[in-house]
Amino acid sequence: MSTITVNISFQDSLLKEIDKTAKKEHRSRSELLREAARLYIQRQRQWEELFMLGDRMTEEKQLNLKDVEEEILAARRNRAESR
């Protein structure tokens, strides 16, 4: 896999945090930013899959927005009661 160099602008304070974290983890700035980009992309894909699953289930069970909102509220109540 080839590597391409890109230029990115950061605010000073954010770059200091990036460098501080990279140093703490004994990694280069580039390694840290590559991992951050990978994790962001992975998380976005997971959210997309979750929303597609929700859309499929809503369609299969013929639920409307009110049905979904009621289920969410019930789940939140159950979680709060079990704590």
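We count residues from 1, following the sequence as given. Computed from heavy atoms alone, side chains included, the values below leave out hydrogens, waters and symmetry copies. These numbers were taken from a predicted model, which means no experiment stands behind them.
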How many angstroms lie between [atom1] in [X] and [atom2] in [Y], if you round to the nearest 0.5 Å?
| X | Y | atom1 | atom2 | result |
| --- | --- | --- | --- | --- |
| Ile8 | Leu15 | CD1 | CG | 10.5 Å |
| Ser13 | Ile18 | OG | CD1 | 9.5 Å |
| Lys66 | Glu71 | NZ | CD | 13.0 Å |
| Glu70 | Ile72 | CD | CD1 | 10.5 Å |
| Leu63 | Met57 | CG | CE | 8.0 Å |
| Asp19 | Arg29 | CG | CZ | 4.0 Å |

May I ask you to test the Ile41-Gln44 pair for a side-chain heavy-atom distance under 4.5 Å?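 Side-chain contact under 4.5 Å: no.
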When you look at Arg38 and Glu35, which way does the salt bridge (charged side-chain N to carboxylate O under 4.0 Å, His left out) test go after all the steps? CA-CA 5 Å; Arg38 274 190 219 96; Glu35 180 67 14; 3.0 Å; yes
Counting only heavy atoms not in Asp12, do more than 12 fall under 6.0 Å of its CG?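 Check fails, neighbour count at 12 or below.
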Around atom CD of Gln46, are there more than 12 heavy atoms of other residues, nucleotides or ligands at under 6.0 Å?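 Yes, because the 6.0 Å sphere around CD of Gln46 holds more than 12 heavy atoms from other groups.
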Going by the rule side chain to side chain donor-acceptor pair (under 3.5 Å), which residues pair with Ser28 if we only count those two or more places apart in sequence or in a different chain?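 If we apply the side chain to side chain donor-acceptor pair (under 3.5 Å) test to Ser28, skipping adjacent residues, the hits are Glu31.
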Provide the closest heavy-atom pair for Leu32 versus Glu25 in the form atom of the first, atom of the second, distance.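 Heavy atoms only, the tightest pair is CD1-OE1, 3.9 Å.
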Pairwise ring pair (Phe, Tyr, Trp, His ring centres under 6.0 Å) hits with a residue in residues 15-40, at least two apart: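 The answer is none; no pair qualifies.
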